[in-house]
Amino acid sequence: MSDSCHKAYITTPIYYVNDIAHIGHAYTTIIADTLARYSRMSGLDTYFLTGTDEHGQKIEEAAKSRGKTTQAYADEISATFKNLWDDFDISYDKFIRTTDEDHKIGVQKAFSQMHKKGDVYKDTYKGHYCISCETFFPTIQLVDDEFCPECGKSTTIVEEESYFFKLSAYEDQLLKYYEDNPEFILPKSKRNEVIRFVEGGLQDLSITRTSFDWGVKLPTEFNDPKHVMYVWLDALMNYLTALGYGGDEEKMDQWPARVQLIGKDILRFHAIYWPAFLMSIDMPLPKHIAAHGWWTRDGEKMSKSKGNVVNPKEVADAYGLDNFRYFMLREVPFGGDGDFSQKALMDRINSDLGNDLGNLLNRVIGMSGKYFEGNVHSSNVAQYYQTELDEVHASLDLLEPLLYDMQIHRYLEELWRPLTVANRAIDKYEPWNLMKNGKEEEAMALNGLIVAILAKVSVMLYPVMPAVCTKISNALCFTIDTESWKSLVKDRALLAPFNLKKIDPLFPRIEAPLLTQIEPIDTTEPVKKKEKEVKKESDATEGIALIGIDQFFQTSLKVGTVVAAEEVPKSKKLLLLQVDVGEEKPRQVVAGIKEWYSAEDMLGTQVSVVANLKPAKLMGLKSEGMLLAAKDEDGLCMIRPEKPKKSGTPIG
Ligand code: MSP
């Protein structure tokens, strides 16, 4: 097994081939790539795995609906994922496909091992199956006795002979493991969810199917050819078969994985089934299962049927791959949900990247060129600017633990502090005045300080923005590698004397959205199904039905500014308002607030607007939104932002 201190096996989920890659897939992969790049840079023996999940009923049906053989269809879509990751320069060491022969052999070995352990038995499965989620659900969890509690699609009743895995036997062992290893599931908030689920009782898991045959067959010794493996058993095993489990075992010393990255929707499979399978085959458990949140688009859940799925390639081509990577990792606290909008992306590029980083580089290149012909040395930096250096190093010391704790947004936030120190130092010490007053040595030291800060920041930013940071390091005449990481970051060294090179601005300002429309990808649902809106957690508390955060985010709430207001003729209750919610034109809102507010009261004020309601007509007037207000026996008052905010600012 691995000497876990020096090895770092990092995995993404393997992607279903019933769909083309979208921003959610790109997010998982970019985080994993960032971790892998950092591990490599810091000298760890790193192995980074990604790939595609190609078996199961869902894939079989997707191929059929397109008139293709399942293998040809899987080949085609798997290649689109691989090509995208290659275009994105994702530094994976292996791209696994569950249709690979050696993978299938490994899955069969695991099945035999589980059977030998006494964890597999044969019975009949009777119940509901959601093909879309490839999951069995007990009737009690269904919505209206039929619909999937996860995705809302209609489930299929399955009654067939099946092999079962004794998941129930692992309840105590799992709970003990979570207890003894509080960092197994990250972020910690997700850990509690899993513990509650397991404490609620685990049912044995059906791990084979007989009603279709696009899957891994059982090992020959079972002599039961009509069964294929349950797709999640097959898929989860990829993390081991990729290292050679069941075959040449060449890379097995990479196990256990350091971080297995997943989205929150597949936490149960990775934090419950997967460790139970591993316990059954006597393998150690991964160090961290890290679950990130869900991306929405302009406040709405992305879905193929809405046609609002964001194509990551298009965004990266327009805005720059590294900028897109930075945005995704900086914008959302790991584990939380995030909203994609071009506005938010532009703000990050113009402000964090352009103002804070790009301008600093331009300033130091300009200064050193003007005063020292680009020849910079850092001999006197400590003499004049030790306080600044200390501040910078204190921030840098915090970074690695933040990364391993999956607080990537905090990592980037903290990494920006040294840039603030540098920008502040220029403003405070005014190199132009130092030069004017004959303090050349001090001015040179200031240049050395700024360059040192840029060098250190570019090393630590490299895992997130590899191409941009390589350009910065070229301009500063050094190479980003384990050696420079160690000397500049760990040993707090400064750069050797060098000649600063001029480069083109890295982050030209973006004034307007670069994409008029982000093309939806493949909006044709292969199989049209009856869908039911999922009403989760209908166990009401004091009459209030509980909803999940995803459902809450289906409501788009925005700050609006009332730019015109008038009374609706002949109406006692209604005002006609024009409300700017950051769009091209103000929205017309008919609001029943006249008893409490006059048109003058409302004009110029800010309000909270429900921005994604279907338009309605009130007294013949179109209303394109609703204002939030609170009403009790004392009357009604508007719910407004505490401080002025830009029109269109999302609320949530
Ligand atoms: N094939 C399974 C995983 C098997 S791993 C042994 C699967 N595939 S998936 O293609 O549906 O999803 C893969 C990953 O993409 C998951 O981590 C999922 O969370 C992520 N995302 C899919 N849509 C997403 C968003 N809208 N936002 C963020 N990530 C989401 O599940």
Side-chain angles (χ1 to χ4, degrees), residues 11-32 49-59 62 74 77-78 80-81 84-85 95-99 103 106-107 110 130-135 150-151 153 190 215-216 229-242 257 259-275 277-278 286 289-306 308-312 315 328-329 331-340 520-522 549-550 553-554:
T11 66
T12 73
I14 45 172
Y15 302 105
Y16 282 133
V17 292
N18 68 328
D19 200 358
I20 294 174
H22 64 63
I23 190 177
H25 305 125
Y27 182 54
T28 322
T29 309
I30 288 169
I31 299 174
L49 173 73
T50 189
T52 41
D53 187 354
E54 305 184 13
H55 288 131
Q57 200 166 353
K58 175 158 72 174
I59 312 297
I77 309 287
S78 176
T80 66
F81 275 97
L84 179 67
W85 303 150
F95 186 97
I96 192 170
R97 300 183 56 186
T98 52
T99 46
H103 166 75
V107 177
C130 173
I131 297 170
S132 184
C133 298
E134 297 282 15
T135 308
E150 300 285 343
C151 71
K153 292 193 174 137
K190 298 272 190 279
V216 180
M229 306 267 188
Y230 172 44
V231 64
W232 271 100
L233 170 59
D234 165 3
L236 286 162
M237 282 307 300
N238 93 87
Y239 302 130
L240 282 181
T241 60
V259 186
Q260 300 214 260
L261 221 97
I262 56 164
K264 64 178 184 180
D265 54 316
I266 52 176
L267 181 61
R268 189 180 352 141
F269 301 98
H270 284 81
I272 302 174
Y273 298 178
W274 179 224
F277 293 159
L278 287 168
I289 298 287
H292 64 68
W294 206 252
W295 278 88
T296 52
R297 157 109 178 250
D298 296 316
E300 287 192 38
K301 191 165 179 174
M302 281 186 279
S303 82
K304 287 201 284 181
S305 49
K306 279 192 200 150
N308 66 348
V309 178
V310 179
N311 178 345
V315 179
M328 296 203 95
L329 302 195
E331 188 70 5
V332 194
F334 185 87
D337 292 335
D339 189 51
F340 179 87
I521 314 161
D522 185 12
I549 192 81
D550 287 348
F553 279 120
Q554 284 172 11

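One-based numbering, in listed order, for ligands and for the atoms of each. Any value given below was found using the heavy atoms of this structure, including those in side chains, with hydrogens, waters and symmetry copies removed.
- Residues L84 and P312 share a closest heavy-atom pair of CD2-CG, 4.1 Å.
- When the heavy atoms of W294, F340, Y239 are ranked by distance to atom 5 (S) of ligand 1, first place goes to Y239.
- With sequence neighbours left out, H292 forms a ring pair (Phe, Tyr, Trp, His ring centres under 6.0 Å) with Y27.
- Partner of Y15 under the side chain to side chain donor-acceptor pair (under 3.5 Å) criterion, chosen from T29, T80, D53: T29.
- Aromatic rings of Y239 and H270 (six-membered ring for Trp) have centroids within the 6.0 Å cut-off, being under it.
- Looking only at protein heavy atoms, the nearest one to atom 7 (C) of ligand 1 is Y16 CE1, 3.4 Å.
- Considering each of T52, D234, T11, I266, the one bringing a non-hydrogen atom nearest atom 16 (C) of ligand 1 is I266.
- For E54 and R97, the salt-bridge test passes: some basic side-chain N is under 4.0 Å from an acidic carboxylate O.
- Here W232 has side-chain heavy atoms under 4.0 Å from ligand 1, and that is the only part of it that gets that close.
- The distance criterion of under 3.5 Å between nitrogen or oxygen atoms is met by D265 with respect to ligand 1.
- For atom 23 (N) of ligand 1, the choice among E134, H22, H25 with the nearest heavy atom turns out to be H22.
- Between T52 and F95 there is a side-chain heavy-atom pair separated by less than 4.5 Å.
- The closest approach between G293 and ligand 1 falls below 4.0 Å for a heavy atom of the residue.
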